[in-house]
Every structure is written in C-alpha cells, then in structure tokens.
Amino acid sequence: MNAPSDRDLILLARRGEAGAFGELVTRYQTGVFNVCYRILHERGEAEDLAQEAFIRAYDRIATFDVEREFGPWIRRVAANLCLNHLESHKVTAELDEERDADSAELPEAVQEVRERSEQIRMALASLPAAYRIVVELRHYQEMSYDEIAAQLNIPLSDVKSHLFRARKLLAEKLHASD
Amino acid sequence: MHLTDEQLNEYLDEAVNERAQIEVHLSACGECAARLSTLRKLFNEMESLPELALTRDLAAPFMRSSGLPAQLPAWLPLTMALQAAAALIVFIAAAPFVIRLIPDIETPSLSTVLIQFQTQWTAWLDRLSQFHMPSLPAFSLELSGLYLMSALAVVSMLWLVGNGLLLRNQW
Ligand SMILES: [Zn+2]
C-alpha cells in the first residue's frame, strides 16, 4: 500500500483529522528544524520555532493551496519566523557547539567529516543574521535572487551583496581552519 | 580581463545572461577556472552539511486527540446559512396554507382571537391527522399537504445535522 501523498494528508487535516497533519509534521520536521537551526544556531529556540512553524501551518491549512508543494512552503514559513525572531530578539543567545553524538569511538574518517561539519556550522553561525538568512534561502531552499528579494522585501542588490560577502567570509573562516 | 567575483558567484547561482562568454573565458583562463572551482567546493561543502536530529517529536501535539482543536471545515459555517434559507423557503411556502387556515379577524378581543385560534388549531390538527386538508381550489390538496410535510421534515433534518456537526466540532 502506498503512503498517502502530502496532498491527501492536507485534505484529511482539513476535514479535522489532526492525526493526518501529525503525519505531515513527521515527514518534514527534521528539515524544518534544520532550517531554524542554520539560522538561529541554538537548539532550544530552533526546536521551538520549528514547532511554531507547524502550528501556523495548521492554522492556515484551510486556505493552503493544495497544488503547492508543502515541503518548500513550510521551510519558507520557518525561515520567515526565524528572521522575525532574530529581528525582535536582538540579544544573541550563546551559540551551541553542536556535536552529533559522542564521537570518541567513531572511525577516524567519520570523525573528520563530523569535525568539518562542525567547522561549517560554526562559520555559518558567525555570519551576521542578514547574511545567514540569505545563505539559507539561496543554498538550502534554492530560491533565486528575485525570490529572495521578494521574500525578504529587500532590494536585489542587497541580496547579491549579502550573499557574496557571506561566501567570502565563509571561505576565509573555512580556509583558516583547513 | 579576468572574471570578477560577482560574475563567478552569479554564474554558479545561474543568474547571468552572458553564460556563454563566461564559459569561453573559463576554458581559456586557468586562474579564473581555479577560482570558480574553489567557490564551487564551498557551495558543495555547505550544501552537503548533514542534518541534525531533533530531540523531541514536533508531531506529538497534533497526534494527541486533546491537543489542538480540530479545524472546522470551511463549508461548515455555511450550514447555518443553509438552515436559515430553508426555513425562509418553507415559511413562504407554508404562508398560503396558514393564511387560509386562519380566517380574517377584524379587530377582535384577545380572548376571541385565542378562542378562534384554538378552534382553528384543533381543526387544523384534526384535518392533519386525517391527512385531509381544507379545500383549496387552486391546489391539489393531498399533494400540497404532502409537500408541506416533507419540507418540514427536510428542514428538521438539516437543522439537526447542522447543529450536530457544529457541536461535534467544538471538541
Ligand atoms: Zn581569467
């Protein structure tokens, strides 16, 4: 038996079946959490805002256009929430030094990959928030310059300059730790 | 003239018009090709960043039956309008019967009205129980009575179903 499509689940959720929406959350929660984490770099906040994104989606499920893809849409909702959160809470929380698991007993090659991932995460975390959000939308949500400008309501020239400077900073940080 | 950083960035972002020109330069200039390859490596590294796992299940609040209130379907509030419309239609349809059943009363006293009303009411109930309506020359009587009864039955059903749905969805 085939699993129900996202569209089926949305239609069921509209009829009041909360469990159907729960299934949709199960499908996308890791992706959405990672959007929030890449922007916020704080696990607790990222999990809270990912949860909030799904609650908002649930509130709007009646008006959601079922012909749209749910995955990209919910990731954009999450990115927007995180952006608003950063703008309203200028105080930066201690950034997490996230480790996937206890890496002591892992093979050397795996440890190297983990260390590199951690370096990338730390480099991303060190970027100004305005750069981080543009990097998120371009690299992880694959939006075009025009789409990013529209989503963030900033000029196209800012999208480009934020993105190019962010990449320069990332390259410098990652080179320094190569 | 070498390619600018902007051109390389835009090239990888697939946001340049002069793609062919850039590719001509890249195929001839090792320096720019190397810069492009460094930038591409950065893109790949960022985009292959593994996803972290959640420490809690975000679906849990939606799975519990007592979690969030069930969403009212968009069409549900329409049942109220539908009920009102049906009631109005039946009211209009029933009006000729009612007008004929209640005789014209010329400024009578309250008691006369009540007595007359009661008389008419019992008479009406009587006829209704015999399924025999008073003579209405314009209509086929049996059919009109049946029609009135079915209309009443449909409205009652609509009312019950509509309210049942509304109540059920409050929980
Ligand atoms: Zn060159």
Side-chain angles (χ1 to χ4, degrees), chain A residues 13-34 37-38 43-44 46-47 50-55 58-59 61-63 96 98 100-101 113-114 116-117 119-121 123-124 135 138-140 142 144-146 160-161 163-164 167-168 170-171 174-175, chain B residues 3-17 19 34-79 164-171:
Chain A
R14 274 192 190 168
R15 276 185 244 147
E17 287 199 29
F21 192 79
E23 175 59 34
L24 214 50
V25 176
T26 303
R27 282 182 194 178
Y28 291 104
Q29 59 179 346
T30 302
V32 169
F33 161 65
N34 277 272
Y37 189 83
R38 284 190 298 262
R43 178 175 275 280
E47 289 187 341
Q51 182 79 79
E52 180 65 23
F54 284 113
I55 290 171
Y58 187 71
D59 288 342
I61 202 80
T63 53
D96 280 2
E98 188 71 47
D100 290 326
V113 171
R114 291 227 161 145
R116 188 61 178 167
S117 299
Q119 285 167 359
I120 296 169
R121 272 185 218 288
L124 275 171
V135 166
R138 175 67 207 133
H139 283 282
Y140 299 96
E142 292 164 9
S144 69
Y145 294 167
D146 286 325
K160 289 189 194 182
S161 64
L163 197 53
F164 303 166
R167 287 166 178 166
K168 225 181 173 84
L170 287 171
L174 292 173
H175 261 282
Chain B
L3 298 171
T4 64
D5 281 343
E6 282 70 22
Q7 279 175 308
L8 293 177
N9 272 279
E10 288 175 7
Y11 178 77
L12 286 184
D13 285 329
E14 292 175 353
V16 279
N17 299 321
R19 261 193 112 68
R35 283 164 61 217
L36 184 75
S37 128
T38 306
L39 194 59
R40 187 175 271 142
K41 192 173 157 242
L42 177 71
F43 279 32
N44 291 340
E45 272 203 305
M46 277 199 287
E47 286 163 17
S48 59
L49 193 63
E51 292 205 312
L52 293 171
L54 277 156
T55 56
R56 56 177 145 123
D57 182 15
L58 304 182
F62 301 96
M63 296 298 196
R64 283 197 303 267
S65 56
S66 59
L68 292 167
Q71 197 80 6
L72 276 181
W75 54 265
L76 196 55
L78 281 177
T79 56
L165 281 172
L166 281 172
L167 284 172
R168 201 194 66 185
N169 276 281
Q170 279 180 349
W171 310 108

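A donor-acceptor pair under 3.5 Å is absent between the side-chain atoms of A:R38 and the main chain of A:Y140, judged by distance alone. Looking at B:E51, its side chain never comes within 3.5 Å of a backbone N or O of A:N34 through a donor-acceptor pair.
Using a 4.5 Å cut-off between heavy atoms, B:T55 touches chain A through backbone and side chain atoms alike. With a 4.5 Å cut-off on non-hydrogen atoms, A:R27 does not touch chain B at all. Contacts of B:L42 with chain A are made by side-chain atoms alone, with heavy-atom separations under 4.5 Å and no backbone atom involved. Only the side chain of A:Y145 comes within less than 4.5 Å of a heavy atom of chain B; its backbone N, CA, C and O stay farther away. Proximity to chain B (any heavy atom under 4.5 Å) is restricted, for A:L124, to the side chain, taken from C-beta onward. The part of A:V135 that comes within reach of chain B is its side chain, from C-beta onward, which places non-hydrogen atoms under 4.5 angstrom from that chain. B:N9 touches chain A through backbone and side chain together, each having a heavy atom under 4.5 Å away.
Counting heavy-atom pairs closer than 4.5 Å to chain A, the top residue among B:E14, B:E6, B:E10 is B:E10. Ranked by non-hydrogen atom pairs under 4.5 Å with chain B, the options A:L163, A:I120, A:V32 are led by A:I120. Contact count against chain A (heavy-atom pairs under 4.5 Å) is highest for B:L49 among B:T38, B:L8, B:L49, B:L39. For the set A:A46, A:A50, A:G22, the count of heavy-atom pairs under 4.5 angstrom toward chain B peaks at A:G22.
For the side chain to side chain donor-acceptor pair (under 3.5 Å) test, no residue two or more places apart in sequence or in another chain qualifies with B:R19.
Between A:R116 and B:E45, at least one side-chain nitrogen of the basic residue sits less than 4.0 Å from a carboxylate oxygen of the acidic one, meeting the salt-bridge criterion. Residues A:R167 and B:D5 are not paired through a salt bridge, judged by the lack of any N-O separation under 4.0 Å between the basic side chain and the carboxylate.
Ring to ring, A:Y58 and B:F62 are close: their centroids are under 6.0 angstrom apart.
Counting only heavy atoms from C-beta outward, the side chains of B:D13 and B:F43 approach each other to under 4.5 Å. Within the 4.5 Å cutoff, the side chain of B:V16 has no heavy atoms near those of the B:Q7 side chain.
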